[in-house]
Amino acid sequence: MLTTGSITTETFSAALLGLEDLSLRVTAAALHVAANPEKHPRLRLMLADLSEVMQCCEDDLGLYQQ
């Protein structure tokens, strides 16, 4: 049976696991680009795209609305 507490725990767990995955992947990409500087524009594009996706999700969720 699902409860509010369980859903909250699952939500935070999923968020933390997602954050860890994202952190590892961005770090790996940055290390790869450090060894291959010609790929720097692609990393910047990836980070800009990631920021845009996050902004869209924040808008959909209604975060930061006054």
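Positions are given from 1 along the sequence. Please read all numbers here as calculations on a predicted model, not as lab measurements. Hydrogens, waters and symmetry mates are skipped; everything else that's a heavy atom, side chains included, is used.
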**OP:** Can you run down the side chain to side chain donor-acceptor pair (under 3.5 Å) pairs that involve residues 38-54, sequence neighbours left out, and say none if there aren't any?
**Re:** His32-Lys39
**OP:** Supply the members, apart from Leu47, of the Ile/Leu/Val/Met/Phe/Trp/Tyr cluster built from side-chain contacts under 4.5 Å; use none for a lone residue.
**Re:** Leu22, Val26, Val33, Leu43, Met46, Leu50, Met54
**OP:** Find the distance between CG (Leu19) and CG (Leu24) and round it off to the nearest 0.5 Å.
**Re:** 9.5 Å
Original post:
Does any N or O in the side chain of Ser13 come within less than 3.5 Å of the main-chain N or O of Thr9, such that one atom is a donor and the other an acceptor?
Top reply: no
